[in-house]
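Remarks on the structure that follows.
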There are 2 protein chains.
Amino acid sequence: MSAELPKERAPSIRDVARLAGVSHQTVSRVLNDHPSIRDSTKARILQAMEELQYRPNQAARALSKGRSRTIGVLTASSTQYGPARSVAAIEDTARRQGYFVDTANLSVADPAAIEDALEHLLDQAVEGLIIIAPQERVFDVLERMSIEVPYVSLQSTGNHDLRALAEDQILGAKMATRHLVDLGHREIVHIAGPQDWTEAEARMQGFLLEIDDAELMTHPPILGDWTADFGYFAGQELLRSRDFSAVFAANDEMALGLLHALHDAGLDIPGDVSVVGFDDIPVSSHTWPPLTTVHQDFEGIGRRAFASLLGAMGTIVDFPTGPTAPCLVARDSSGPVPVSRLPLLKRY
Amino acid sequence: MSAELPKERAPSIRDVARLAGVSHQTVSRVLNDHPSIRDSTKARILQAMEELQYRPNQAARALSKGRSRTIGVLTASSTQYGPARSVAAIEDTARRQGYFVDTANLSVADPAAIEDALEHLLDQAVEGLIIIAPQERVFDVLERMSIEVPYVSLQSTGNHDLRALAEDQILGAKMATRHLVDLGHREIVHIAGPQDWTEAEARMQGFLLEIDDAELMTHPPILGDWTADFGYFAGQELLRSRDFSAVFAANDEMALGLLHALHDAGLDIPGDVSVVGFDDIPVSSHTWPPLTTVHQDFEGIGRRAFASLLGAMGTIVDFPTGPTAPCLVARDSSGPVPVSRLPLLKRY
DNA sequence: TGCTCGCATGTGCACGGTCACAATTGTGAG
DNA sequence: CTCACAATTGTGACCGTGCACATGCGAGCA
């Protein structure tokens, strides 16, 4: 904690000008590195800035240029590992490009809250929006408010060039499913994410496509809410009502809850049941047993989203946005289908 | 994605004034709800605003008032559950109070990066700073840059009125340790967090205080880095070199890694070894076995930090900041000390 | 030598609010 | 009916930068 008592105004471009013996405009030119300035003048000005600890006033700049150099990030799940990671990457990339990032977090995703959060971001005159709250409702509100700012959704609704992301999700889910099929599993069930999340849908789609490819059948996926609690609940349900030798959960948290339920029932993993998750959150390699999952490049996704937004804002993008294709990380929660599986499961 | 072609300037206070047939100043008064305005006039102006979709320009306001209504959050670990949760709470509270939040994330915590991030925030003319990067280095940089903005650290260095937080950390650690002592454990080891994190220090301190109170002895704590990977490594080390019946890990991730190592060694939890974590991250209730841990009110901490910052910024705080004392959540990873423990452990 | 041209720099205003102060209108007492 | 005084509204300057345009100056060329 600290503060200066005088509370005087910060030095302005004119203060610098006076000290350097030039006009304020010349100082401005230095700030925007205009080509034609004598080197000696420039040096003098830079020194004056240094001396006064000059710091350009963003508000004034925004006012006069009509550009805030700020983007808004609307997130509905900033406490989850993936989104948090992506947001961090967005912030990092944006900062490098001289942009500021304003975040608005949705604790509840009802329309009023969504609108409130968007209003807040718009009040800041953001030049673009990144949405990490892929519920359809958000887009409804976005539509209704007739937002005049370019926006990009991390989860891709398919309208813009982030489509690649959705494809990655499908691919990842196919890889996970294929992995189980290759291990000999024939009765595989899927615990999906919330219906209105594009990611959840893509993963489910990938699962179903692969099941179809392998000419297998499956029960309708259970629709969850991403939480470990739900995974636990789903596990209990599955044990009560279904025959299966493998489960593909749409994210690691649900997979974790599922493991818990299976353990509770005295089942061996992967002896009795194989489990595969999605995301590769940091604890996945230390669950018991360590979780087979699909690794995602959350940071790449974030960078890509920002690049895409810059594009939509009319800026040419010239920095690496390198996304990585998802890859399967086979650990110990998945294994060959047990020969003696059926009698064991029938008990439940 | 969407955009208006005309690209005309947004309506200003003067446009509203013209439409309502008043002076721009009167409009301004409505915006700042000045007391003496005729109701009829006010109504007319409000309607004009509505009609023009008027939105006050924050940049202009900031420029003329010299206040940005923005606070900066510097975080070094925004992808971890606790900090993420606190940041979300800060953002939420700030928004409710009409403040904007600018975040800068430290991917690496070297002085240059810290300085860069701080520069970025100061460029935005933030009125206050919340630091969630409690490494001492950050404060060194803060000192060196002679920041003129009030700041508050989420982890409390003891200089300001967040001291309560540190006390909570100590208390929580004491509760965890006491829990193990009460179960009959006499050889308890501690896996601590990084040395330069105030939280890690507070938890270690709580542990040592309680051990002392119980007139027990302990090995010097192992200094970790908060990650599950480290917890796993630490577990292997402990098994190789120490006798113990219980471990108190400074956070849940490390506790998780530790569980993994213990499982690998074929040990039963809590039959052979009891484990207690700290934080109560959402997956803790679904690890195997479910983890006994200390629940923290991350949101309360965030709110409290913001309130404290407002105080430092000279604003009277009049909203609930309710922090919750930490509480022990006893699950299945801790149990009575095994009678036949010593011979079993000696093997390692 | 006179004129054009490009570089380096200066002048004045606009951006969209707020503030201090002035002007106008309304109200009640004498 | 008049006047003091409060309630309401208006006027103009200013916050810090950037832009459009003007100016001064030296070089190149006929």
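Proteins come first, then strands; the chains are lettered A, B, ... in the order of their sequence lines, and each starts at number 1.
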**Report entry** Closest heavy-atom pair and its distance - Val126(B), Ile71(B)
**Finding:** CG1-C, 3.8 Å

Report task. Walking along DNA chain D from 5' to 3', note the first and the last nucleotide with an atom under 4.0 Å from a heavy atom of chain A, and give both. Result -> dC15(D) to dA20(D)

Requested in this report: Would you mind reading off the distance between Arg67(B) atom CZ and dC19(C) atom C1', rounded to a whole angstrom?
Outcome: 15 Å

Report summary line: Rounding to 0.5 Å, atoms CG (Asp140(B)) and CD1 (Ile114(B)) come to a distance of 8.5 Å

Query raised in the report: What are the two closest heavy atoms between Ile90(B) and Gly302(B), and how far apart are they?
Result: CG1-O, 3.4 Å

I'd like a table of atom pairs between the protein and nucleotides 14-16 of chain C - only N or O on both sides, under 3.5 Å - with the distance next to each one.
unit_1: dC15(C); atom_1: O3'; unit_2: Arg9(B); atom_2: NH1; d: 3.3

Query raised in the report: Do side-chain atoms of Ser86(B) reach the backbone of Phe298(B) as a donor and acceptor pair under 3.5 angstrom?
Result: yes

**Report entry** Atom CD of Gln47(A) with >12 non-hydrogen neighbours under 6.0 angstrom
**Finding:** no

Query - Beyond-backbone contact of Val149(B) with Glu127(B), side-chain heavy atoms, under 4.5 angstrom - result: no

Report task. Residues of residues 16-27 of chain A with any non-hydrogen atom less than 4.0 angstrom from an atom of DNA chain C: list those, numerically ordered, please. Result -> Val22(A), Ser23(A), His24(A), Gln25(A), Thr26(A)

Query - Ion pair check, Arg96(B) and Asp116(A), cut-off under 4.0 Å - result: no

Query raised in the report: Which pair of non-hydrogen atoms, one from Tyr99(A) and one from His120(B), has the smallest distance, and what is that distance?
Result: O-CE1, 3.2 Å

**Report entry** Distance, rounded to the nearest Å, where Asn32(A) contributes CG and dT9(C) contributes P
**Finding:** 15 Å

Report task. Please check if any side-chain donor atom of Asn105(B) sits under 3.5 Å from a side-chain acceptor atom of Ser78(B), or the reverse. Result -> yes

Query raised in the report: Just how far is it from atom OG1 of Thr75(B) to atom CD of Glu91(A), taken to the nearest 0.5 Å?
Result: 9.5 Å

